[in-house]
Amino acid sequence: ASERTSRRHDYPPHRADVLERDYPELTHQEPERLAYHLSKAHQAERAIVYWRTAGQRAAARSANVEASRHLRRALDQLARLPDNAERRNTELLLRLELGTPLIAIRGYAADQIRTLYQRARELAVHTDDPQVLFSALFGLWKYYMTSGALRDARELAPQILAYAKGDNPVLKLTCPAIMGITLFPVGETRAARKYLDEGIAHIQGDGELAMAVKFGQDPAASAVVWSALVEWAAGEHGEARRRMARGQALARGLNHPFTIGYTLMAATRLFLLLDDLEAAAEHLDVLLPLATQQRFPFLLSEGTVFRGHVMTRQGKPREALSCFRDGLKMVRESGTVFNLPFMLSLYSEAHHVLGDHEIALALLKEALDHAVTTGERWYVPEIHRRRGLLMQETQRRAEARECFEQALRTATRMEAKSMALRAAVALARFDADTGNRAGDGRSRLEEQLADLPPGMVHRDVDEARAILARGDAH
């Protein structure tokens, strides 16, 4: 029953004691009804208990709007109590519990999330419970990552990593994974792999629903799908697919909607990077209805952008533009900055296909500007390569070659072998197409091909071998 039901029954405030005594099942089945009457009776301490219980029950079944409403009312009642250590500890726990449903309905980068976790961090100074301290820092870290404050996230990550030194298996999994997730976007591929593998090694069993509810998504599934993205960057495409399948299986096993949606979005991103349009489209067909039904704006906005890219690759770039515009509008309204360079790059491809070269170049410039401002560099090599293709098509050959060179240098420095190969293919093809016999495109392509993990299967590998086989890249 809802709070509206309690109003319909019109129990006067003084009946709370009677309800609690004569109808004990209410304390378990409809705690919000008792909380409402206790609030009206100005019995704040007892009301807080029932509002909190109602919020926890709602969160456990992913009723995020309801959970958020109940937990906010608990905080409202708490404000009526004297300021002391007990009140501060209760406030801390309530804020941490409120963060999970609030992220689901507002997104990670909403101002409310920042305010919520900054206050939680202040309060956490007074507790010695490592998991509570971790939760406060974790919430703030999520805000930093998605709002584009990657440098702040990088400063916070080592503090979080320190909690992996204890005996808590959840922290041994989650803390190194957080460090790996922090390092990958700023271009530290090797270190990201190390920390993610360290965290994944501590996965026990099939995950726990309680942890997914507590942290917003299952830590094990999240770590595994992020490691899949890092494996793609390192050129381990088969391993990337295997890890993504494992992460999605963990999510499905828990039947936790946000974790399922999160892994669907991660899988869609991976399949776009692998040029597996069929798999990406299949995942979007599940993700977008789920994100709409559950009101997950973070997932819906990025998924809508991804739908635009799939449509572009399916030969419908003009129809795709509305998806890009709608998706990016939602992204910006949510305050999300993370992954914006990637999404803008996808948007530019639609305009490239349509022949709108200057618009495409402007979008890529915006993507690079975001990368410079935030430090999010993981997709920068591809942005340079795409700029090079546009420069080449518009007869700006010197600039085109420099873009390909920059793409290859950046990817090599990041040890991002998938993007390094793609850049080397573009450089070698450019030298061949322009008759640039003085260029070193062929030799650099040979170097990249030799450096690939054995067994890598992708059209870029096939194209690289074809270029070398022709012997005309000089």
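Both backbone and side-chain heavy atoms feed into the values below; hydrogens, waters and symmetry mates do not. Throughout, residue positions are numbered sequentially from 1 according to the sequence presented.
Side-chain contact between Pro297 and Ser334: absent, with no pair of heavy atoms (C-beta onward) separated by less than 4.5 Å. No side-chain heavy atom of Trp51 sits less than 4.5 Å from a side-chain heavy atom of Leu94. Using a 4.5 Å heavy-atom cutoff, the side chains of Glu32 and Tyr50 are not in contact. Between Leu196 and Met179, every side-chain heavy-atom pair lies at or beyond the 4.5 Å cut-off. Under the 4.5 Å side-chain criterion, counting only non-hydrogen atoms from C-beta, Arg269 is in contact with Glu302. Side-chain contact check for Phe404 versus Leu408: every heavy-atom pair is 4.5 Å or farther apart. Arg114 is not listed as a side-chain neighbour of Ser147, based on a closest heavy-atom distance of 4.5 Å or more.
Of the residues Glu382, Glu236, His237, the one that meets the side chain to side chain donor-acceptor pair (under 3.5 Å) test with Ser418 is His237. Under the salt bridge (charged side-chain N to carboxylate O under 4.0 Å, His left out) test applied with Glu231, the options Arg246, Arg193, Arg241 reduce to a single match, Arg193. Checked options Thr292, Leu299, Thr304; the residue passing with Leu287 is Leu299 (criterion: side chain to side chain contact (heavy atoms under 4.5 Å, CB included)).
The backbone N or O of Phe338 lies less than 3.5 Å from no partner atom in the side chain of Thr336, so there is not a single donor-acceptor pair. In this structure a side-chain-to-backbone donor-acceptor pair under 3.5 Å is present from Thr263 to Ile260. Looking only at distances, a side-chain donor or acceptor of Thr259 sits under 3.5 Å from a matching main-chain atom of Asp218. Here the side chain of Arg422 pairs no donor or acceptor atom with the backbone of Lys417 at under 3.5 angstrom. Judged by distance alone, with hydrogens and angles left aside, the side-chain atoms of Ser135 form a donor-acceptor pair with the main-chain N or O of Gln131 at under 3.5 Å. Checking side-chain atoms of Ser301 against main-chain N and O of Phe298 turns up a donor-acceptor pair under 3.5 Å. Side-chain atoms of Thr373 never come within 3.5 Å of backbone atoms of His370 as a donor-acceptor pair (strictly under, hydrogens ignored). A donor-acceptor pair is defined here as one N or O able to donate and one able to accept, closer than 3.5 Å; such a pair exists between the side chain of Glu376 and the backbone of Asn339. A donor-acceptor pair under 3.5 Å links the side-chain atoms of Thr189 to the main chain of Met414, judged by distance alone. In this structure, Arg80 contributes its side chain and Ala44 its backbone to no donor-acceptor pair below 3.5 Å.
Between Ala120 and Leu92 the shortest heavy-atom distance is O-CD1, 3.4 Å. Here the shortest heavy-atom pairing between Pro289 and Val286 reads CD-O, 3.4 Å. In plain terms, the two heavy atoms of Arg386 and Ser345 that are nearest each other are CD-OG, 2.9 Å. Summarising the geometry of Leu272 relative to Ala280, their closest heavy-atom pair is CD2-CB, 3.7 Å, with the distance given to 0.1 Å. Minimum heavy-atom separation, Ala228 to Leu270: O-CD1, 4.2 Å.
Thr90 OG1 to Ile48 CD1: the interatomic distance, rounded to the nearest 0.5 Å, is 7.0 Å. Rounded to the nearest 0.5 angstrom, Asp285 CG and Leu290 CG are separated by 12.5 Å. Here the straight-line distance linking atom CZ of Arg154 with atom OH of Tyr144 works out to 15.0 Å at 0.5 Å rounding. Atom CD1 in Ile181 sits 10.5 Å away from atom NZ in Lys142 (nearest 0.5 Å). Between atom CZ of residue Arg72 and atom CG of residue Asp76 there is a gap of 8.5 Å, rounded to the nearest 0.5 Å. Atoms CG and CG, from Asp152 and Leu140 in turn, are 8.5 Å apart once rounded to the nearest 0.5 Å.
The aromatic rings of Phe258 and Tyr262 lie tilted to each other, with the angle between the two planes from 30° to 60°. Using the six-membered ring where Trp is involved, Phe184 and Trp378 have ring planes that are tilted, between 30° and 60° apart. A tilted orientation is assigned to the rings of His351 and Tyr347, their planes being inclined by 30° to 60°.
For Arg46 and Gln43, the side-chain atoms include at least one donor-acceptor pair closer than 3.5 Å. His283 and Gln248 are linked by a side-chain donor-acceptor pair at a separation below 3.5 angstrom, with hydrogens and angles left out of the test. Looking only at atom types and distance, the side chain of Asn89 has no donor-acceptor partner in the side chain of His126 under 3.5 Å away. Side-chain contact, Thr410 with His384: no donor N or O sits under 3.5 Å from an acceptor N or O.
No more than 12 heavy atoms of other residues, nucleotides or ligands lie within 6.0 Å of CD in Glu45, so this atom counts as exposed by the packing criterion. Taking a 6.0 Å sphere around CZ of Arg295, one finds it holds 12 or fewer heavy atoms contributed by other residues, nucleotides or ligands.
Remark: Arg57 does not engage Glu66 in a salt bridge, criterion side-chain N to carboxylate O under 4.0 Å. Ionic pairing of Asp276 and Arg313 is not present here: no N-O contact between side-chain nitrogen and carboxylate oxygen is shorter than 4.0 angstrom. Salt-bridge annotation for Arg413 and Glu188: absent, with no side-chain N of the basic residue lying under 4.0 Å from a carboxylate O of the acidic one.
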**Asked** Would Leu445 and Leu421 count as a side-chain contact (heavy atoms from CB on, under 4.5 Å) if you check the C-alpha gap in whole Å, the side-chain angles of each, and the deciding distance to 0.1 Å?
**Response** CA-CA 7 Å; Leu445 180 56; Leu421 175 64; 4.0 Å; yes

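Judged by the 6.0 Å and 45° rule, Lys165 forms no cation-pi pair with Tyr163.
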